[in-house]
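Have a look at the structure below before the remarks.
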Amino acid sequence: MKELINKLKGDKGIWSFVALLGLFSFMPVFSASSNLAYLGHGTGNTLGYLVKHFAHICIGFLIIYWVHKIPYHYFRAISKAGLPIVWLLLAYTLIKGTVIAGANASRWIQIPFIGLSFQTSTLAAIILFIFVARYLSKTREMPITFKSSLWELWLPVFMTLMFILPANFSTTALIFAMVIMLVFIGRYPLKYIFFIIGSGILFLTFFILIAKAFPDSRFFSRVGTWGSRIENFTSNKADEDDYQIEKAKIAIASGQIYGLGPGKSVQKNFLPQSSSDFIYAIIVEEYGLVGGFGVLVLYLLLLFRFVVASHKANTLFGKLVVIGLGFPMIFQAMINMAVAVELLPVTGQTLPLISSGGSSIWMTCFGLGIILSVTKKEDEIAQEKLDKEKREEILQKLIDREMEADLEEADFKNVNDNFDTSDYSITDNSTNPMKAVLK
């Protein structure tokens, strides 16, 4: 185990908090999957869902391990080359998307031969954040003009968001907000940021107007759902989303301080998406406010480590990559929790590293691997600096030792040069003191 831990490079705090979230996820997923088991095969046996989640987590941690060994600056070129591929995947998703648990048909695609589903917007978000970080780090030493940034930065951003918006408004809004935060931190001119925000709102309004003009189009099928969710959130009108929120609030109220105990949730049998979108409500019901607050603290500690890693990075690209990939994970977790307690309308955002699901876990782990690659590089630089200091210290000790030896040899030579051996000769060359007596 010690050898395995020694092979894990990068920020040990990030490794620890990610491992804790991954380990904690097994009990809530095992418990909350009972309604899926009843709907799937009518037995209520959730062991298969637990094994599936275990496989997803294991693959996710392998992804972290493999990706964190890749030098993070390689992703600069990957992000630029990967955007056109992402656009093709998103376009294919809009046309050939599949249905998962009754969700919108244009969010997932089936991976050939292995039969797994994949949500392309999660990959698009990672590639886009790295692309924005690349652009901001490239233009750091030169003045930014709006015309050049419009073609080089904002056109790719809006192209990506345009492919995601028809199927998933919440993900589009989250990505756009994170891009705005990233360019603000990257010191993009503030007056241009306000113009981009206004343009985004104008584009969304135009999209909704077109959707109202063609209500029967499959391309605009989700617009009505957005409106109804916002309307129901601001009113007392009951519908399916209101039913989910009511069950989530009952689960949270039932948990009280210490919870009902692991596996003893009642609302998991009635709450749709209890193992993904509303898993936080099940956590609070089973583990109480103590467990719910503990999960929140883990995410906040992970956010703190992201801030520390960004501060330690010695390149602007590394700083922006950590912020661009780390902060969205935390904000997504906060959105999931806020939906469970009805602070926000129902959005469909999962709880990172805890909710069940394959592609969401894997893409989160992919982003974490890149972040750890940044921290690994900084650790390597720090270790090289420490080794250099040790080598210089040892070399200085050798030099001092040689100088002391040379000084001792020089002092010994000076003593020998000033030493008169005739004063201590055993031959008596002086006049015989008895000579006068003898004569």
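Only a predicted model underlies this, so the values are computations on that prediction, with no experimental measurement involved.
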Hey, are the side chains of [X] and [Y] touching, using non-hydrogen atoms and a 4.5 Å cut-off?
| X | Y | result |
| --- | --- | --- |
| Lys249 | Glu246 | yes |
| Phe278 | Leu351 | no |
| Glu152 | Lys138 | yes |
| Ile193 | Val183 | yes |
| Val179 | Phe131 | no |
| Val18 | Leu302 | yes |
| Ile126 | Met363 | yes |
| Ile335 | Leu344 | yes |

Practice problem: Could you please spell out the steps behind the side-chain hydrogen bond (donor to acceptor under 3.5 Å, both in side chains) verdict for Glu285 and Ser265? | Solution: CA-CA 6 Å; Glu285 184 182 12; Ser265 169; 2.5 Å; yes
Practice problem: Verify side chain to side chain contact (heavy atoms under 4.5 Å, CB included) between Ile130 and Ile78, making sure each step is shown before the conclusion. | Solution: CA-CA 9 Å; Ile130 299 175; Ile78 293 174; over 6 Å; no
Got a second to check how far [X]'s [atom1] is from [Y]'s [atom2], nearest 0.5 Å?
| X | Y | atom1 | atom2 | answer |
| --- | --- | --- | --- | --- |
| Ser356 | Lys52 | OG | NZ | 8.0 Å |
| Trp15 | Phe61 | CH2 | CZ | 7.5 Å |
| Met334 | Tyr280 | CE | OH | 9.0 Å |
| Leu298 | Leu303 | CG | CG | 12.5 Å |
| Ile282 | Ser254 | CD1 | OG | 10.0 Å |
| Gln332 | Gln349 | CD | CD | 5.0 Å |

For [X] and [Y], does a side-chain donor sit closer than 3.5 Å to a side-chain acceptor?
| X | Y | answer |
| --- | --- | --- |
| Tyr49 | Ser275 | no |
| Glu286 | Ser31 | yes |
| Thr171 | Ser121 | no |

Looking at [X] and [Y], what are the two nearest heavy atoms and their distance?
| X | Y | answer |
| --- | --- | --- |
| Ala281 | Leu271 | CB-CD2, 4.4 Å |
| Phe317 | His73 | CE2-CA, 4.2 Å |
| Ile63 | Cys365 | CG2-C, 4.2 Å |
| Leu174 | Pro328 | CD2-O, 4.5 Å |
| Ile279 | Ser355 | CG2-OG, 3.4 Å |
| Leu320 | Ser137 | CD1-N, 4.3 Å |

Decide if the gap between the ring center of [X] and the ring center of [Y] is smaller than 6.0 angstrom.
| X | Y | value |
| --- | --- | --- |
| Phe24 | Tyr287 | yes |
| Phe26 | His53 | yes |
| Phe17 | Tyr299 | no |

Practice problem: Determine, stepwise, if the pair Ile185 / Leu136 fulfils side chain to side chain contact (heavy atoms under 4.5 Å, CB included). | Solution: CA-CA 10 Å; Ile185 295 175; Leu136 293 172; over 6 Å; no
With distance as the sole test, does [X] use its side chain to make a donor-acceptor pair with the main-chain N or O of [Y] at under 3.5 Å?
| X | Y | answer |
| --- | --- | --- |
| Ser359 | Gln119 | yes |
| Ser310 | Phe306 | no |
| Ser274 | Ala32 | yes |

Self-check item: Full working for side chain to side chain contact (heavy atoms under 4.5 Å, CB included) between Ser25 and Ile57
Solution: CA-CA 9 Å; Ser25 69; Ile57 290 292; 4.1 Å; yes
Practice problem: If a pair satisfies ring-ring contact (aromatic ring centres under 6.0 Å, His included) and one of its residues is in residues 323-361, list it, with sequence neighbours excluded. | Solution: none
Quiz item: Which word best sums up how the rings of Phe195 and Phe146 line up, parallel for under 30°, tilted for 30 to 60°, or perpendicular for over 60°?
Solution: perpendicular
Exercise. Give the intermediate values and the outcome of side chain to side chain contact (heavy atoms under 4.5 Å, CB included) for residues Tyr74 and Ser373.
Key: CA-CA 11 Å; Tyr74 285 7; Ser373 177; over 6 Å; no
Self-check item: Lys264 atom NZ, neighbour heavy-atom count above 12 within 6.0 Å
Solution: no
Quiz item: Considering residues, nucleotides and ligands other than Tyr192, do more than 12 of their heavy atoms fall under 6.0 Å from its OH?
Solution: yes
Quiz item: Please walk me through it: do Tyr135 and Ser79 pass side-chain hydrogen bond (donor to acceptor under 3.5 Å, both in side chains)?
Solution: CA-CA 10 Å; Tyr135 175 83; Ser79 66; over 6 Å; no
Quiz item: Just one of Lys312, Arg305, Lys376 clears the side chain to side chain donor-acceptor pair (under 3.5 Å) bar with Asp11, so which one?
Solution: Arg305
